[in-house]
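In the text below, chain A, chain B and the rest are named by the order of the sequence lines, each starting its count at 1. Atoms considered below: every heavy atom in the structure, side chains included; atoms not considered: hydrogens, waters and symmetry mates.
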There are 2 protein chains.
Amino acid sequence: MTDLDIAEVAHRAGVPASTLRFYEEKGLIAPTGRRGLRRQYDPGVLERLALIALGRTAGFSLDEIARMFAPDGQPRIDRRMLSARAEELDRTIRELGVLRDSLRHAAACPAPSHLECDTFRRLLDAAASGGVTAPGRRPPERR
Amino acid sequence: MTDLDIAEVAHRAGVPASTLRFYEEKGLIAPTGRRGLRRQYDPGVLERLALIALGRTAGFSLDEIARMFAPDGQPRIDRRMLSARAEELDRTIRELGVLRDSLRHAAACPAPSHLECDTFRRLLDAAASGGVTAPGRRPPERR
DNA sequence: TCTTGACCTCAAGTCGACTTGAAGTAGAAC
DNA sequence: GTTCTACTTCAAGTCGACTTGAGGTCAAGA
């Protein structure tokens, strides 16, 4: 009986209790039982929540993450899915890198207007032709 | 009179006409006039749309982007804002890099279950303690 | 002149991930 | 035994960026 109260889980995982209820509704987590009305959780739920957070950061939707858990609760992560996401991330990273460098340049550029700066214009052309746009899945928002 | 019809702009910019109307409502673009009911645009709108797309990719909201245009239509981009966003992007990039490497490892890892893999567990711990999570602003979704 | 079809307006809907609010309940402290 | 308070349920609201639908208009081609 080392179960954790929902408040404890919320605190340790750094998410509001409402999120835990929401995740339960989505089938992502489940309490071991109740004490009165209050949900009690196995400490393992913390690992699971970490896994969920990780998946979200990697760009998976909650539904996709839900599908990654086998009925027995064990994660059954498709290795091909991981590779594919890693490749997508890699593309995103490269695009964001170009963007970061361009922003830095624009910030330092002495041209009176950005539109008169060649580097900025080149970036703009790239964006217009789809070279920089299309960053793929988004990571979740910071809390 | 080299103005472009809304359909032409939509086609060249690669966005639906509804988006152009929406941007107009938001104060991001404006037609030079109408031909009948149809909006006509100065070709410069394409550059402006590219700038908007670029801003979105960099993680700015439409409202923020709107504020970047001076009343005269010239972009008045705050250099400090650009630097700040570049730094944020840089952090995001580094985080995503860690994540990508971890995903690759997990995809290749021979451990029977990911939970038994040390690398994966370390990643999980990092995620749980907020080291990997919190990627900041999200770039826009791919079309 | 008539038809066609692409545009027009305005309100409402969508999507994902949660949050908020109202009304209820039960364990624990007094 | 009563009160307090943190939980409970369920429905509805929020946010950003658009999209969709209904009903209307007008320039251009036949």
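- Salt-bridge check for Glu8(B) with Arg12(B): passed, with a basic side-chain N closer than 4.0 Å to an acidic carboxylate O.
- At the phosphate of dT9(C), OP1 or OP2 sits under 4.0 Å from a side-chain N or O atom of Arg34(B).
- Residue contacts for Arg21(A): at a heavy-atom cut-off of 4.0 Å it reaches a base atom on one of the strands shown.
- Separating the CD atom of Glu8(B) from the P atom of dA6(C) is a distance of 15 Å, rounded to the nearest angstrom.
- In this structure, Ile52(B) places its CD1 atom 14 Å from C1' of dC18(D), rounding to the nearest Å.
- Counting to the nearest Å, the C1' atom of dG27(C) and the CD1 atom of Ile6(A) are 16 Å from each other.
- Taking the side chain of Leu37(A) as heavy atoms from C-beta on, and the options dT8(D), dC18(D), dC7(C), the nearest nucleotide is dT8(D).
- In this structure, Phe60(B) atom CZ and dG16(D) atom P are separated by 16 Å, rounded to whole Å.
- Side-chain nitrogen and oxygen atoms of Ser18(A) include at least one within less than 4.0 Å of the OP1 or OP2 phosphate oxygen of dT19(C).
- Ala7(A) comes within contact range of the sugar-phosphate backbone alone, with a heavy-atom separation under 4.0 Å but no base atom that close.
- The residue among Leu62(B) and Arg39(A) whose nearest nucleotide of DNA chain D lies closer to the 5′ end is Arg39(A).
- Between Glu24(A) and Arg39(A) a salt bridge is recorded (basic side-chain N to carboxylate O distance below 4.0 Å).
- Summarising the geometry, the separation between CG on Asp5(B) and P on dA28(D) is reported as 11 Å, rounded to the nearest angstrom.
- Minimum atom distance to the side chain of Arg56(B) is reached by dA17(D), of the listed dA17(D), dC7(C), dA17(C).
- For Arg38(B), taking side-chain heavy atoms from C-beta onward, the closest of the listed nucleotides dT19(C), dG5(C), dA17(D) is dG5(C).
- In this structure, NZ of Lys26(B) is placed 15 Å from C1' of dT19(D), rounded to the nearest angstrom.
- Under 4.0 angstrom from either OP1 or OP2 of dA17(D) there lies no side-chain N or O belonging to Tyr23(B).
- To the nearest angstrom, P of dC10(D) lies 16 Å from CZ of Phe22(A).
- Leu20(A) places its CG atom 16 Å from the P atom of dA17(C), with the value rounded to the nearest Å.
- With respect to Asp90(A) and Arg104(B), a salt bridge is recorded, a charged nitrogen being found less than 4.0 Å from a carboxylate O.
- Salt-bridge check for Arg100(B) with Glu87(A): failed, with every basic side-chain N at 4.0 Å or more from each acidic carboxylate O.
- Neither OP1 nor OP2 of dA17(C) sits under 4.0 Å from any side-chain N or O of Thr19(A).
- Using a 4.0 Å cut-off between charged side-chain N and carboxylate O, Asp3(A) and Arg35(A) make no salt bridge.
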